[in-house]
Student: 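Here you go, one structure.
Start at 1 and go down the list; that is how both ligands and their atoms are numbered.
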Amino acid sequence: AKAGGRNQVCFFDPSLQAEVNSRTSLLRDLRAAVELDQLRLLYQPVVDRARRVLGVEALVRWQHPERGLVSPAAFIPLAEQSGIILQIGEWVLDTACAQLSAWADDPVRKAWTIAVNVCARQFNEATFVATVEAALARAGANPAHLRLEITESMLQSDLDSTITKMRQLNDRGVRFSLDDFGTGYSSLSYLKLLPLDQFKIDKSFVDDILNNRKDLAVAKTILGLASNLGLGVVAEGVESAAQYELLATYGCEAFQGYLFCKPVPVEALPRQSSI
Ligand code: C2E
Ligand code: CA
Ligand code: CA
Ligand code: CA
């Protein structure tokens, strides 16, 4: 900090300036990313207790010419703030639906669902339902094979319109998972009102589940609640056989994590029905 004129203090923090510059250039590049065809979808299998593949989660990446493969953590928040998430989200839906329809004739993959992450900014658009329906229609994909992953943050604004949108899509066969469950602030009374089909136990509860009794308690509570509400549960971030076995002991029926498969390009997905 450098003292300027009277009552003036001028701060100059080079690292802050660098951050502002890099954000500005990232945002400029992100605006062009969809048109320049720089987005990629990776897919990570979700398996049942017998390691049969139930479906995959679509996870977006940005193939930047200089920065390389950029992870969603590095650009989704910026995309959300700037509104670019709307174009990105539509691209993800279109690509996932096209993939579903390409799998319709595959003896193994025709049974798989694709789960797509949806953020609050997208979901809260008045046109959200129409956007999803249009993506399904363009691709000729079966709505029953599409799953949308929403988060608790979406349940904070207009609950009536959230329920209406979810019902409209659910009536067509689209299913909903509550992602990262337990990390947000959902009111338990809301949960029974929503046409949800599944909870996802966040990786942060799975990481230390073997050593931390509180994490185990949270996981068990989610599994118990799901069972009482008649919902399924997917545990994410399962990296060891011991985590998988422990979760299975407490009734978890679906699993996702590096133990089974990392997120991979479509060509690298398993061809067989169990992994
Ligand atoms: P998420 O929905 O919680 O996705 C799970 C994240 O955990 C993914 O990170 C996945 O690669 C990672 N993961 C899965 N299994 C393991 C494991 O065993 N070990 C470890 N270390 N990590 C594992 P990713 O792909 O970096 O995605 C990060 C987040 O970005 C996602 O978290 C999701 O919130 C968001 N995201 C990804 N794709 C999209 C998208 O298309 N649209 C929106 N709105 N958000 C997206
Ligand atoms: Ca997710
Ligand atoms: Ca998740
Ligand atoms: Ca997570």
Side-chain angles (χ1 to χ4, degrees), residues 30 33-34 38-47 51 53 55-63 68-99 113-125 128 131-132 135 146-154 175-184 196-210 215 218-219 222 233-244 247 252 254-265 268-269 275:
L30 191 55
V34 180
Q38 293 172 349
L39 298 179
R40 306 281 177 266
L41 277 189
L42 298 184
Y43 297 93
Q44 186 178 35
V46 175
V47 302
R51 302 177 72 124
V53 180
V56 295
E57 178 176 5
L59 294 156
V60 73
R61 299 290 181 270
W62 176 15
Q63 183 68 61
L69 206 60
V70 185
S71 87
F75 69 90
I76 292 287
L78 188 62
E80 223 180 330
Q81 285 158 28
S82 60
I84 303 172
I85 193 68
L86 299 177
Q87 284 103 278
I88 294 177
E90 205 167 331
W91 179 87
V92 171
L93 277 167
D94 268 331
T95 307
C97 289
Q99 195 58 67
T113 55
I114 297 183
V116 168
N117 292 283
V118 173
C119 64
R121 178 85 187 245
Q122 276 175 281
F123 188 87
N124 292 335
E125 281 287 290
F128 180 70
T131 301
V132 176
L146 180 66
R147 216 174 233 300
L148 298 177
E149 296 195 359
I150 62 167
T151 60
E152 292 158 275
S153 65
M154 260 159 246
R175 281 170 287 177
F176 286 90
S177 304
L178 190 57
D179 203 1
D180 301 342
F181 183 51
T183 64
L196 280 173
D197 167 83
Q198 181 178 77
F199 291 147
K200 294 192 80 169
I201 300 180
D202 191 58
K203 180 177 176 300
S204 62
F205 300 120
V206 174
D207 283 339
D208 216 13
I209 198 168
L210 297 171
D215 287 338
V218 172
I222 295 173
V233 177
V234 180
E236 71 178 24
V238 178
E239 294 184 348
S240 73
Q243 290 170 332
Y244 164 50
L247 284 156
C252 190
F255 311 84
Q256 183 179 352
Y258 294 178
L259 175 64
F260 311 101
C261 187
K262 289 192 170 182
V264 292
L269 277 170
I275 54 179

Student: Which ligand 1 atoms does K203 reach within 4.0 Å, using its non-hydrogen atoms?
Tutor: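 Every atom of ligand 1 under 4.0 Å from some heavy atom of K203: 19 (N), 20 (C), 21 (N), 22 (N).
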
Student: Please work out whether any backbone atom (N, CA, C, O) or any side-chain heavy atom from C-beta onward of E80 is under 4.0 Å from ligand 1, and answer side chain, backbone, both or neither.
Tutor: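 For E80, there is no contact with ligand 1 at all, from either part.
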
Student: Quick one: report the N, O or S atom of D180 that is nearest to the Ca ion (ligand 4).
Tutor: OD1

Student: Could you check if a side-chain atom of Y43 sits within less than 4.5 angstrom of a side-chain atom of Q99, using non-hydrogen atoms only?
Tutor: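 Yes, side chains in contact.
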
Student: Within a distance under 4.0 Å of any heavy atom of G257, pick out the atoms of ligand 1 and give their elements.
Tutor: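 Checking each atom against G257, I get 15 (N), 18 (O).
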
Student: What distance do L269 atom CG and C261 atom SG have between them, rounded to the nearest 0.5 Å?
Tutor: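 Interatomic distance, L269 CG to C261 SG, rounded to 0.5 Å: 6.5 Å.
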
Student: Has N117 got an N, O or S atom lying less than 3.0 Å from the Ca ion (ligand 2)?
Tutor: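 Of the N, O and S atoms in N117, at least one lies under 3.0 Å from the Ca ion (ligand 2), which means yes.
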
Student: Which atom name does E149 have for its N/O/S atom nearest to the Ca ion (ligand 2)?
Tutor: OE1

Student: At the Ca ion (ligand 2), what's the angle from D179 OD2 to E57 OE2, rounded to 10 degrees?
Tutor: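 Taking the Ca ion (ligand 2) as the apex, the two atoms subtend 170°.
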
Student: Salt bridge or not between E57 and K200? Use side-chain N to carboxylate O under 4.0 Å.
Tutor: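 Salt bridge: yes.
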
Student: Taking all atoms of both residues into account, what is the closest heavy-atom pair of S204 and D202, and its distance?
Tutor: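 It is OG-OD2, 2.6 Å.
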
Student: Give yes or no for whether the N/O distance cutoff of 3.5 Å, strictly under, is met between R61 and ligand 1.
Tutor: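 Such a contact does occur with ligand 1.
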
Student: Hey, which atoms in ligand 1 end up nearer than 4.0 Å to a heavy atom of V92?
Tutor: 41 (O)

Student: Decide whether the shortest distance between a heavy atom of E57 and an atom of ligand 1 is less than 4.0 Å.
Tutor: yes

Student: With atom 19 (N) of ligand 1 as the reference point, say which of R121, E236, K200, E239 has the nearest heavy atom.
Tutor: E239

Student: For the Ca ion (ligand 4), find the closest N/O/S atom on E236 and give its atom name.
Tutor: OE2

Student: Could you list which atoms of ligand 1 come closer than 4.0 Å to a heavy atom of G237?
Tutor: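 Ligand 1 atoms under the 4.0 Å threshold to G237: 15 (N), 16 (C), 17 (C), 18 (O).
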
Student: Using a 4.0 Å heavy-atom threshold (strictly under), name the region of D180 that reaches ligand 1: side chain, backbone, both or neither.
Tutor: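 It is the side chain that touches ligand 1; the backbone stays farther off.
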
Student: Any N or O of D202 that comes nearer than 3.5 Å to an N or O of ligand 1?
Tutor: no

Student: Check D179 against ligand 1 and report side chain, backbone, both or neither, counting heavy atoms closer than 4.0 Å.
Tutor: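 The part of D179 near ligand 1 is the side chain, not the backbone.
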
Student: Using a 4.0 Å heavy-atom threshold (strictly under), name the region of S71 that reaches ligand 1: side chain, backbone, both or neither.
Tutor: neither

Student: Any side-chain heavy atom of F260 sitting closer than 4.5 Å to one from V53?
Tutor: no

Student: Need the ligand 1 atom indices (1-based, order shown) with element for anything under 4.0 Å from a heavy-atom of P72.
Tutor: 24 (P), 26 (O), 27 (O), 28 (C), 30 (O), 36 (N), 37 (C)

Student: For ligand 1, which is the ligand I care about here, please tell me if E149 has any N or O atom under 3.5 Å from one of the ligand's N or O atoms.
Tutor: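 N/O-N/O distance below 3.5 Å does not exist for this pair.
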
Student: Could you grab the distance from atom CG of L86 to atom CD of E80, nearest 0.5 Å is fine?
Tutor: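 So the CG of L86 and the CD of E80 are separated by 9.5 Å.
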
Student: Between D180 and K203 (salt bridge meaning N to carboxylate O under 4.0 Å), is one present in this structure?
Tutor: no

Student: Looking only at heavy atoms, is any part of Q44 under 4.0 Å from ligand 1, and if so is it the side chain, the backbone, or both, or is it neither?
Tutor: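 Answer for Q44: side chain.
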
Student: Would you mind naming the N, O or S atom of D202 nearest to the Ca ion (ligand 4)?
Tutor: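 The D202 atom nearest to the Ca ion (ligand 4), restricting to N, O or S, is OD1.
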
